[in-house]
A.B. asks: 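I'd like to ask some things about the structure below.
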Protein chains: 2
Amino acid sequence: MDKDKIDKKDHILDVAEKIFSDLGFDGASTRMISSEAGVNMAMLNYYFGSKEGLFLAVFERKISSFQTLLQNIGNDDSKSSWDKLDTCIENYVDRIIVNNCFQKLIHREMSISKRTDLTDKITDILMVNVNEIKKIFDEGVKNGSFNHDIDSAMITATIFGTKNYIINTPNISSLMLGHDIREEKYLEEDLKPRFKNYMKRLLRAYLLVEQHDNTTV
Amino acid sequence: MDKDKIDKKDHILDVAEKIFSDLGFDGASTRMISSEAGVNMAMLNYYFGSKEGLFLAVFERKISSFQTLLQNIGNDDSKSSWDKLDTCIENYVDRIIVNNCFQKLIHREMSISKRTDLTDKITDILMVNVNEIKKIFDEGVKNGSFNHDIDSAMITATIFGTKNYIINTPNISSLMLGHDIREEKYLEEDLKPRFKNYMKRLLRAYLLVEQHDNTTV
DNA sequence: CAAAATTAATCAAACGATTGATTGAAATTG
DNA sequence: CAATTTCAATCAATCGTTTGATTAATTTTG
């Protein structure tokens, strides 16, 4: 049936996403993925053409869900810059924690120099998030909500970088935080609110700071 | 001669570091490394035992230079917590920007789930840096220099995460910053002071904040 | 000192294993 | 039955590693 076929494809993509995330593109083998998914190896090529085709399919499936949520925030003119920022953080963290293994996958492959065609594609996707947040900062500066001499590029890097550091290097962040962040329960009930709380306060402190003594440079 | 042997070994390690950084451990092949280094393939195993031995040797060579600088800062009791923090940032940024391709290498392999024995070794190395900074925060809180209810684990993640994000995803950070960060000149003359300046100010704002309204959680 | 023995360094060639991919037959489907 | 889906078997290519031979340098010996 058509439905079964789609389900099977989806199941293969689920397994592939997990294995690619854990072992990287080069470290994952098609045999491993097929056996883990319980399908014949030839099915991968039958469905997706090649290993790279499968890798791309993992991405394609996620893209749609990534691009829907984004535009709704920046366009809401009834919200203040502070509200927009808070909403953005809330939604971003909620979405990113769920897809944390996919996030690992994305940023690992982004740091590899080859495969430039794929890298360009991922760059476009990620820049949507980046520009959305950066726009809020620039707007907030213009309307006087935020300090006028903030470094909007850097603070954007801080938001994404802090998140990536915690998600992508679980060995280290688990030691730092005193808990195994791979535990679903801890991630959802403790880390998520803690991260939101911390990030909001960090941003508030940085964006509102009045007396900036640059004498310590 | 002995000197030539050491130079040759060092040359192989230079090439290996570059190729591992560009393609990852699995993506790099021993044939590629040996041919790029201009040595016979068997020499890699003759010198380093195995591919993983070569990979480890790349690390071992760096470790010493990484661990010497660190202890000197935290132990200097003549410095205030603020001075320690500033010195730490200065030194860390200076050192990290130079070794940026090595940093890419480290954090890519750290995000891979397998190879746990190697991962553990890298974790130990990185935790030295992490703990050094975290210690400064905790000390500063204790002696009243910093706000008492800061999240020292998170702010540490922010320092390393922001740096990693910029270095490890050059495609994205270059678009954000408006310049190609792979340009040596820009990296040294613009990004480095900009990063230091930003990070110090961010920390100052967060660590000093007085009125913390948690009503927005 | 010169000849012999030992060690270290280097090489081309080949090893078995695994990779991603393909085949053609068998099974399932509508 | 015709078309689609699945499978075991196999493909050439590449992987990391090992081998045995060769060269160069060092040490030991007579």
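Chain letters run A, B, ... following the sequence lines, proteins first, then strands; residues in each count from 1.
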A.B. asks: Using a cut-off of strictly less than 4.0 Å, decide whether A:K8 has a side-chain nitrogen or oxygen near OP1 or OP2 of D:dT6.
C.D. replies: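 Answer is yes, contact under 4.0 Å.
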
A.B. asks: Taking NZ from B:K9 and C1' from C:dA9, how many angstroms apart are they, rounded to a whole number?
C.D. replies: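 One finds 12 Å between C1' of C:dA9 and NZ of B:K9, rounded.
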
A.B. asks: Round to a whole Å and report the spacing from CZ of A:F48 to C1' of C:dA21.
C.D. replies: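 Going from A:F48 (CZ) to C:dA21 (C1'), I get 16 Å.
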
A.B. asks: Sequence neighbours left out, what passes ring-ring contact (aromatic ring centres under 6.0 Å, His included) with A:F146? Give chain and number order.
C.D. replies: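 In terms of ring-ring contact (aromatic ring centres under 6.0 Å, His included), with neighbours along the sequence ignored, A:F146 is linked to A:W82.
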
A.B. asks: Between B:H11 (NE2) and C:dA9 (P), how many Å, whole number?
C.D. replies: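 Value for this atom pair: 17 Å.
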
A.B. asks: Do the side-chain N or O atoms of A:Y46 get closer than 4.0 angstrom to the phosphate oxygens (OP1, OP2) of D:dT5?
C.D. replies: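 Yes, within the criterion.
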
A.B. asks: Go through the structure and list residues passing salt bridge (Lys or Arg N to Asp or Glu O under 4.0 Å) with A:D190, not counting sequence neighbours.
C.D. replies: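 Result, salt bridge (Lys or Arg N to Asp or Glu O under 4.0 Å) vs A:D190: none returned.
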
A.B. asks: To the nearest angstrom, how far is A:M43 atom CE from D:dT4 atom P?
C.D. replies: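 About 14 Å, once rounded to whole Å.
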
A.B. asks: Residues two or more places apart in sequence or in another chain: which of them pass salt bridge (Lys or Arg N to Asp or Glu O under 4.0 Å) with B:E36?
C.D. replies: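 In terms of salt bridge (Lys or Arg N to Asp or Glu O under 4.0 Å), with neighbours along the sequence ignored, B:E36 is linked to no residue.
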
A.B. asks: Specify the separation, in whole Å, of atom CD1 of B:I12 and atom C1' of C:dC11.
C.D. replies: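 Taking atom C1' of C:dC11 as the reference, CD1 of B:I12 is at 14 Å.
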
A.B. asks: Treat primed atoms plus P, OP1 and OP2 as sugar-phosphate and everything else as base, then score nucleotides 14-21 of chain D 5' to 3': B for base contact with protein heavy atoms under 4.0 Å, S for sugar-phosphate contact only, - for none.
C.D. replies: -BBBBB--

A.B. asks: Would you please name every residue forming a ring-ring contact (aromatic ring centres under 6.0 Å, His included) with B:Y186, sequence neighbours left out?
C.D. replies: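 With neighbours one apart ignored, the set is B:H179.
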
A.B. asks: Is the backbone N or O of A:N168 less than 3.5 Å from a side-chain atom of A:Q103, with the two atoms forming a donor-acceptor pair by type?
C.D. replies: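 Checking the backbone N and O of A:N168 against the side chain of A:Q103, no donor-acceptor pair under 3.5 Å is found.
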
A.B. asks: Holding to ring-ring contact (aromatic ring centres under 6.0 Å, His included), I want the full list of residues that pass it with B:Y198, two or more places apart in sequence or in another chain.
C.D. replies: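 Applying ring-ring contact (aromatic ring centres under 6.0 Å, His included) to B:Y198 gives A:Y206.
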
